[in-house]
Amino acid sequence: MSKAAEIDIVSVSKVYGSTTAVHSISLKIPSGSYCCFLGPSGCGKTSTLRMIAGHESISSGDIRLGNTVVTDFPPAKRGTAMMFQSYALFPHLDLVDNVAFSLKMKGVDKEERRAKALAMLRLMQMEPYANRRPAQLSGGQQQRVALARALITDPEALLLDEPLSALDPFLKIRMRAELKKLQKSLGITFVHVTHSQEEAMALADIIVIMNDGRIEQAAHPRDVFERPATAFVARFMGDHNVLTGRVLESGGGRVTLEVEGQTFTVAGSAREPGSPIDIGVRTDRVRLASPAEKTLGFNGVVSNVEYRGASVKITVNGAGSDDFTVIATDADYFKKPVSVGDAVPLSWGLEDAVLLGRMAA
């Protein structure tokens, strides 16, 4: 296999007419890493992937693969391979010819390209099906063939556009594990676009969260989970509540803020008194209990309760939020259950709240 390449995206923008799909983003994807671009529909993640691949022109900025600026290179000259969401297999060709197709286009002789294709199918545990056509395969099998076809070009980076979206939930989880194992064994850079938080958390060494054509945060999954950079990240990942208020005072590594007449304190650097501020509070660290020493909280009203097996999700109105979430273990919840309409006290530790940044407009 080729040596894995670092991908360096330098001030890259994509403009369609009067619409800017990607706003001057910069990002280094380390060589040999598994990078997931994550965000809602229309956030610019697929446009960014297609610009890396060369299937979409760059309006401004540069893309470097290793030491080579590939901005103006056609896709076949970049050292990348792309696996499309639809798999795009040729229905009239058997699996060997599907996988070998790009080598045929490059003029590789039949014997050599068939041998390479069989080796790739072996890697994907698809060799027994080599003479079948795509229509005779399951979705998971088609995905493996599409992966083999992308990897036969010996790329330095594999680009995957929502590769698991067509699969059923159980197969998704199995293929997720296989993708991670494959990336580790090949050692090449994987760049994977998804709108599934769970998928990105399970696969990535680095998660890049996009919103409205901008990067809100690029970090290891644990950093994204424990320290979301912005209110958007905290809300999108779903593991933090967001409270928005105004700064009362700050100093000594603490910031005190007011939210709907209530006062909260979080660890953080100095902020201008009176300025708007967002804090994130871990959903799994909120307790249905009155604040004690070194804890914070407020009183709210239960608006929804969802039983999830090992956990129970309780939604509360209060402190300016109509969807403040508590994730309780089933054991804790059933010791003292609550119902919709109940007034409840909520509390959390000082260390369970984080100060969130704000994106520049």
When you compare the side chain of [Y] with that of [X], does any pair of heavy atoms fall below 4.5 Å?
X: Leu350; Y: Arg254; value: yes
X: Tyr333; Y: Ile314; value: yes
X: Ser57; Y: Lys14; value: yes
X: Leu158; Y: Leu147; value: yes
X: Arg113; Y: Lys106; value: no
X: His192; Y: Leu179; value: yes
X: Asp97; Y: Arg114; value: yes
X: Leu151; Y: Met124; value: yes

Do [X] and [Y] share a hydrophobic cluster, counting only Ile, Leu, Val, Met, Phe, Trp and Tyr and linking them when any side-chain heavy atoms are less than 4.5 Å apart?
X: Met120; Y: Val145; value: yes
X: Phe190; Y: Leu38; value: no
X: Val266; Y: Val286; value: yes
X: Ile209; Y: Val354; value: no
X: Val96; Y: Phe90; value: no

For the pair [X] and [Y], find out whether any cationic side-chain nitrogen is under 4.0 Å from an anionic carboxylate oxygen.
X: Lys180; Y: Asp205; result: yes
X: Arg122; Y: Glu127; result: yes
X: Arg308; Y: Asp330; result: no

Step by step, work out the side chain to side chain contact (heavy atoms under 4.5 Å, CB included) result for Lys336 and Leu288. CA-CA 9 Å; Lys336 196 178 176 185; Leu288 293 169; over 6 Å; no
For [X] and [Y], work out which heavy atoms get closest and say how close.
X: Pro163; Y: Val193; result: CD-O, 4.0 Å
X: Cys35; Y: Val208; result: SG-CG2, 3.7 Å
X: Met51; Y: Ser13; result: SD-O, 4.0 Å
X: Ser347; Y: Ala289; result: OG-O, 2.9 Å
X: Thr153; Y: Ser102; result: CG2-OG, 3.3 Å
X: Val233; Y: Pro228; result: CG1-CB, 3.7 Å

Anything under 30° is parallel, anything over 60° is perpendicular, the rest tilted; go ahead and classify Phe334 against Tyr307. perpendicular
Whether Trp348 and Phe264 hold their rings parallel, tilted or perpendicular, with breakpoints at 30° and 60°: parallel
Apply the test side chain to side chain contact (heavy atoms under 4.5 Å, CB included) to residues Phe225 and Arg282: give CA-CA distance (whole Å), side-chain angles for both, the deciding distance (0.1 Å), then the verdict. CA-CA 9 Å; Phe225 178 78; Arg282 281 270 295 268; 3.5 Å; yes
[X] side chain vs [Y] backbone, donor-acceptor pair below 3.5 Å:
X: Asp332; Y: Thr329; answer: no
X: Asp284; Y: Ile327; answer: no
X: Ser196; Y: Glu199; answer: yes
X: Asp109; Y: Glu111; answer: yes
X: Ser26; Y: Ser11; answer: yes
X: Gln142; Y: Pro134; answer: yes
X: Asn98; Y: Leu93; answer: yes
X: Gln183; Y: Gly32; answer: yes
X: Gln217; Y: Arg227; answer: yes
X: Ser185; Y: Leu182; answer: yes

Side chain to side chain donor-acceptor pair (under 3.5 Å) assessment of Asp278 paired with Thr244: CA-CA 4 Å; Asp278 300 314; Thr244 299; 2.7 Å; yes
Rounded distance (nearest 0.5 Å) linking atom [atom1] of [X] with atom [atom2] of [Y]:
X: Leu355; Y: Ile279; atom1: CG; atom2: CD1; result: 8.0 Å
X: Ser250; Y: Leu257; atom1: OG; atom2: CG; result: 10.5 Å
X: Leu49; Y: Phe84; atom1: CG; atom2: CZ; result: 9.0 Å
X: Arg50; Y: Ile52; atom1: CZ; atom2: CD1; result: 12.0 Å
X: Thr325; Y: His240; atom1: OG1; atom2: NE2; result: 12.5 Å
X: Phe37; Y: Thr48; atom1: CZ; atom2: OG1; result: 5.5 Å

Under 6.0 Å from the CG atom of Asn67, do we count more than 12 heavy atoms belonging to anything else shown? no
Take atom NZ in Lys104; do more than 12 heavy atoms of anything else shown fall under 6.0 Å from it? no
Which residue in the set Pro75, Pro74, Ser47 passes side chain to side chain contact (heavy atoms under 4.5 Å, CB included) when paired with His55? Pro75
Can you tell which of Ile188, Thr189, Thr80 makes a side chain to side chain contact (heavy atoms under 4.5 Å, CB included) with Pro155? Ile188
For the residue pair Lys172 and Ser165, confirm or rule out a side-chain donor-acceptor distance under 3.5 Å. no
Working note: Asp323 + Thr315, criterion side chain to side chain donor-acceptor pair (under 3.5 Å); need CA distance, chi angles, decisive distance, verdict. CA-CA 6 Å; Asp323 61 353; Thr315 309; over 6 Å; no
One pair to check against side chain to side chain contact (heavy atoms under 4.5 Å, CB included): Arg149 and Leu89. What are the steps and the verdict? CA-CA 9 Å; Arg149 189 182 56 184; Leu89 299 173; 3.9 Å; yes
Any chance you could lay out the side chain to side chain contact (heavy atoms under 4.5 Å, CB included) test for Leu164 and Gln143, step after step, and finish with the verdict? CA-CA 8 Å; Leu164 306 180; Gln143 192 204 44; 2.9 Å; yes
